[in-house]
Amino acid sequence: MPEYERYIEKINLLQQQLESAQEKIKELTHVLNSTYDEIFVTAANGQVLFVSESCEHFTGLPPEAFINKNIYELVEKEIIKESVTIKAMETQKIQSLEQQYPNGKTVLATAKPVFDEDGKLFRVVCNSRDISELVEMKRQLSEIHSNQQESLVMIESAGKQRFITQSKNMISTLKMAQKVAPLDSSIFIHGESGVGKGVLARIIHEHSPRKTKPFVQVNCGSIPDALLESELFGYEAGAFTGAHRRGKPGLVETADGGTLFLDEIGEMPLELQVKILHLVQEKSFKKVGGIREKQVDIRIISATNKDLLQMIENKTFRQDLYYRLHVVPLKIPPLRERKQDILALTDYFLEKFNTKYGQQIKLVENAKLLIQLQEWRGNIRELENFMEQLVVTAQNSTINMEDLPFTIDHRFYPEKSLQIMPLKKAVEETEIQILSNALSKYKTTRKIAKALGVNQTTIMRKLHKYNLT
């Protein structure tokens, strides 16, 4: 091949590689600009190299106001009052602090130094999250506590389980539970998995006249369908192959005089629901293989994390049973809807597991704030497990934000929902979904911008881009 042809071929190859690199840079920039958090990148000398578009929400200034400026200059002009980036540059360690911008926004900023192959400082990458609402929440809670207008509600059951809350809607639920506890009506507790439905059921039992009698909890989803009937109602001798020759009493009979808690009743097979309906109406039942009705004196509390009205529509749950059990409905909100409770629960679980394992672990305020920001889709159960893990695995007695043993992303985006596709397409599909949901809920671009934490111009541009207007 002639020399010039090889030369042309190399040029074409380099051109392809350049175009590929430019496309990847464009996709990466698009992803970074799509994050709610502000991304701020500086060189080792403090020169600002990249600022994500979300900075306009945080500072009121466009990215151009920062790019190619020096971080020291920005601090000197008081555009940034205190720089976590400078702290990271000077200490060459990860640094976190609360920063306030002139427009009144408060952010939780974390700066991480990046080193080159020779171990020299190369870049500083700073991530900032708007915590203005949390700061205001802390101020309000502090004011409430100082004025003694509202105190922490903590109810402890005999099983040493505690229900802790500062949330008004949760306090309202607890007050209603205490009001109906002395009565003998059926109670239905609604709530996601892990919110404490079992704890509330036990509290109701312990505030009732039946408190000295058994509290029997049955998880309808953990017992195989084939065994659930015999576990609930017991069986007579010789009722089926392998049955005990003397028969066996069931959990319903064990609860006689006390409370039967049917947890996750939405998992109960349809054919067994008929017998539960009979139990609720007549307070009597027959053992498996039996012919004689047996009377019991029980109070029934039920709970589920399922939409039973939809199950009734789908013919998988009996409507008559639903209304028999649904005399007093109680709803426990998920933890993400009562953020103020997360801090109280964090402190409680930290003390609990420090005592259990003989530790003296402490959390700095920034670490607590980051914990408070999480979704906690597993609710109190997930938070409790996380705090136990934290105490058991902690390398230092004081835990900073960067020491927290979780990746934030997985708490917002479950792994099962992720699909492999080009980054650009993934970003666009996510934006379309979020904007469509926001548009149906908030109607106006001003309200959408406020809810999504961006300016109105950005919302209008993206709605037009995706033909959503």
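None of the values given here were measured: they were computed from a predicted structure. Quick note: numbers below take in every heavy atom, side chains included, and nothing from hydrogens, waters or symmetry partners.
You'll find the side chain of Asp256 reaches within 4.5 Å of the side chain of Asp297, heavy atoms only. Using a 4.5 Å heavy-atom cutoff, the side chains of Lys339 and Ile342 are in contact. Between Thr110 and Arg129 there is no side-chain heavy-atom pair separated by less than 4.5 Å. Side chains of Val199 and Ile203 form a contact here, defined as non-hydrogen atoms less than 4.5 Å apart. Considering only heavy atoms from C-beta on, Tyr357 comes within 4.5 Å of Glu388 through its side chain.
Taking the six-membered ring for Trp and thresholds of 30 and 60 degrees, His190 and His326 have ring planes more than 60 degrees apart, a perpendicular arrangement.
Annotation: the span from Glu253 atom CD to Phe233 atom CZ amounts to 11.5 Å, rounded to 0.5 Å. Taking CG of Leu363 as the reference point, atom OG1 of Thr346 lies at 7.5 Å (rounded to 0.5 Å). In this structure, the separation between CD1 on Ile276 and CG on Leu228 is 7.5 Å, given to the nearest 0.5 Å. If you take CD1 on Ile265 and CG on Leu272, they are separated by 9.0 Å, rounding to the nearest 0.5 Å. Leu200 CG to Met170 CE: the interatomic distance, rounded to the nearest 0.5 Å, is 6.0 Å.
Summarising the geometry of Leu330 relative to Ala177, their closest heavy-atom pair is CD1-CB, 3.9 Å, with the distance given to 0.1 Å. For the pair Gly196 and Phe163, the tightest heavy-atom approach, listed with the atom from each and the gap, is O-CE1, 3.5 Å. Between Ala111 and Val84, the closest heavy-atom pair is CB-O, 3.6 Å. Leu345 approaches Leu383 most closely through the heavy-atom pair CB-CD2, 3.8 Å. The two residues Val195 and Pro333 have their closest heavy-atom pair at CG1-O, 4.0 Å. Smallest separation of non-hydrogen atoms from Pro209 and Pro182: CD-O, 3.5 Å.
Of the possible polar contacts, none joining the Asn396 side chain to the Thr398 backbone as a donor-acceptor pair under 3.5 Å is found. Arg338 places no side-chain N or O within 3.5 Å of a backbone atom of Ile332 that could act as its donor or acceptor partner. In this structure, Trp376 contributes its side chain and Pro334 its backbone to no donor-acceptor pair below 3.5 Å. For Asp37 (side chain) and Asn127 (main-chain N/O), no donor-acceptor pair under 3.5 Å exists by modelled atom type.
Every residue two or more places apart in sequence or in another chain was checked for a ring-ring contact (aromatic ring centres under 6.0 Å, His included) with Phe317, and none qualifies.
Under 4.0 Å is where a charged nitrogen must lie from a carboxylate oxygen, and between Glu271 and Arg318 no such pair does.
Between the side chains of Arg324 and Ser186, not a single donor N or O lies within less than 3.5 Å of an accepting N or O.
Looking at Lys306, Lys331, Lys197, Arg336 one by one, the single match for salt bridge (charged side-chain N to carboxylate O under 4.0 Å, His left out) with Glu192 turns out to be Arg336.
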Donor-acceptor pairs under 3.5 angstrom involving side-chain atoms of residues 308-315: please list them, not counting sequence neighbours.
| unit_1 | atom_1 | unit_2 | atom_2 | d |
| --- | --- | --- | --- | --- |
| Gln310 | NE2 | Asn314 | OD1 | 3.2 |
| Asn314 | ND2 | Gln310 | O | 3.3 |

Begin with the C-alpha distance, continue with both residues' side-chain angles, and end with the deciding distance and a verdict on side chain to side chain contact (heavy atoms under 4.5 Å, CB included) for Val218 and Asp263.
CA-CA 6 Å; Val218 183; Asp263 195 10; over 6 Å; no
